[in-house]
There are 2 protein chains.
Amino acid sequence: MKLTPQRKAVFDVILASRDHPTAADIMEHLRNSGQRVSYATVYNSLKYLTNAQLIRELKIGESASRYDARMEAHHHIVCEKCGRVDELLTPLPNEYWQAVTKDTGYDVHDIDIVARGLCPDCRRQP
Amino acid sequence: MKLTPQRKAVFDVILASRDHPTAADIMEHLRNSGQRVSYATVYNSLKYLTNAQLIRELKIGESASRYDARMEAHHHIVCEKCGRVDELLTPLPNEYWQAVTKDTGYDVHDIDIVARGLCPDCRRQP
DNA sequence: GTCATAATCAGACTTATTCTAAATGACGAA
DNA sequence: TTCGTCATTTAGAATAAGTCTGATTATGAC
Ligand SMILES: [Mn+2]
Ligand SMILES: [Mn+2]
Ligand SMILES: [Zn+2]
Ligand SMILES: [Zn+2]
């Protein structure tokens, strides 16, 4: 009793979408495709999938969490005009990790990057 | 009509505190020091001070925003055990900015880092 | 089929933040 | 000083994301 139909449905929406959807986005998508799922189940599924390491939760300054089915290490960049959240695949150099460890005395578990700026599309418009 | 007494009071709390307080922390501090300010005013002041570039708002994954009077460019590191938020002064190498610009096609305005791990104090305890 | 357990559901609740509408206060002009 | 204006403050209502609850519905081992 693990990957129930509802959980799979939520997972599929995230897999299929290219844009890091929020819980509300997922809800809407499921509604539109004729499935009725409760909000509680969507949030429970998101938590289940996150624990199962099938997705991860992104907390990017904005109010609502977004969800990502891409599990390889990567970061994100947000357009300040249109709000889209794109992948940022540029890896952080190893020396940076070392420097953080040294400078802070922390046992560093992970380093998260969120860049902000104007996306290629928005750069064109005035 | 600008830096009113309430706004200054909020600012002073942030300046004096070493630990990136939340709105609620600030409220409590003001209460304890015998000033009565409304929540709305605290939030309005925080917005005013942020616009005035006297403080900045930190959105570190957690629920509540924290506020920082240190305006020089720097980042933050959060202890996963005790929750404290420390300064991370290690600057990101310039080549990283360039790489992000190149890899994403964005006009990059800023890059934010949040590291996570165990603080020196918590490393000692089992 | 029975029973235990896990998952779903609608809706109530919590918490951070924003909004609203009324009261207050500062300032300049008359 | 007295007014009028306009920014600020205030208490409390409203909003929005997310969590919790208790009842209901699968599931599947026996
Ligand atoms: Mn991603
Ligand atoms: Mn800081
Ligand atoms: Zn854009
Ligand atoms: Zn700690």
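In what follows, chains are A, B, ... by sequence order, proteins preceding strands, each numbered from 1.
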Q: B:Ser65 and B:Glu57: side-chain donor and acceptor closer than 3.5 Å?
A: yes

Q: Round to a whole Å and report the spacing from NZ of A:Lys8 to C1' of D:dA26.
A: 19 Å

Q: Any side-chain N or O of B:Tyr43 below 4.0 angstrom from OP1/OP2 of C:dT18?
A: no

Q: Roughly how many Å is it from CG in A:Leu46 to P in C:dA7, rounded to a whole number?
A: 15 Å

Q: Whether the side chain of A:His29 engages the backbone of A:Met27 through a donor-acceptor N/O pair (distance < 3.5 Å, no angle test) should be reported.
A: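 No, the answer is negative, given that no donor and acceptor are paired below the 3.5 Å cut-off.
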
Q: Just N and O in the side chain of A:Arg36: are any of them under 4.0 Å from OP1 or OP2 of C:dC9?
A: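 False: A:Arg36 side-chain N/O out of range (4.0 Å or more) of C:dC9 OP1/OP2.
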
Q: Counting only N and O atoms by type, is there a donor-acceptor contact under 3.5 Å from the side chain of A:Asn44 to the main-chain atoms of A:Thr41?
A: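 No, the answer is negative, given that no donor and acceptor are paired below the 3.5 Å cut-off.
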
Q: Taking OH from B:Tyr39 and C1' from C:dC19, how many angstroms apart are they, rounded to a whole number?
A: 17 Å

Q: Nearest whole Å is fine: how far is D:dG18 C1' from A:Asn44 CG?
A: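 So the CG-C1' distance, A:Asn44 to D:dG18, works out to 11 Å.
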
Q: Name the closest nucleotide to the B:Thr4 side chain, picking from D:dT8, D:dG12, C:dA10.
A: D:dT8

Q: Within this structure, what is the OH-to-P distance between B:Tyr48 and C:dT17, rounded to whole angstrom?
A: 21 Å

Q: In this structure, how many angstroms lie between the P atom of D:dT27 and the NZ atom of A:Lys2, rounded?
A: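 Rounded to the whole Å, the gap is 17 Å.
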
Q: Between C:dT8, C:dA10, D:dT10, which nucleotide gets closest to the side-chain atoms of A:Arg7?
A: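 The closest nucleotide is C:dT8.
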
Q: Output yes when at least one side-chain N/O atom of B:Lys47 is less than 4.0 Å from OP1 or OP2 of C:dT18, else no.
A: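 Affirmative; the distance criterion is met.
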
Q: Indicate whether any N or O donor in one side chain lies under 3.5 Å from an N or O acceptor in the other, for A:Tyr106 and B:Asp86.
A: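 There is such a pair between these side chains.
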
Q: Do we see a donor-acceptor contact under 3.5 Å between the side chains of A:Glu87 and A:His20?
A: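 Yes, a side-chain donor-acceptor pair sits under 3.5 Å.
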
Q: Please enumerate all residues that pass side chain to side chain donor-acceptor pair (under 3.5 Å) together with B:Asp19, with sequence neighbours excluded.
A: B:Ser17

Q: Let me know the distance between CG of A:Leu3 and P of C:dA6, rounded to the nearest Å.
A: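 Answer to the nearest Å: 17 Å.
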
Q: For residues 56-66 of chain B, which residues have at least one heavy atom under 4.0 Å from DNA chain C?
A: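 Under 4.0 Å from DNA chain C: B:Ser63, B:Ala64, B:Ser65.
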
Q: Would you say the side-chain atoms of A:Arg31 pair up with the backbone N or O of A:Arg36, donor to acceptor, closer than 3.5 Å?
A: no

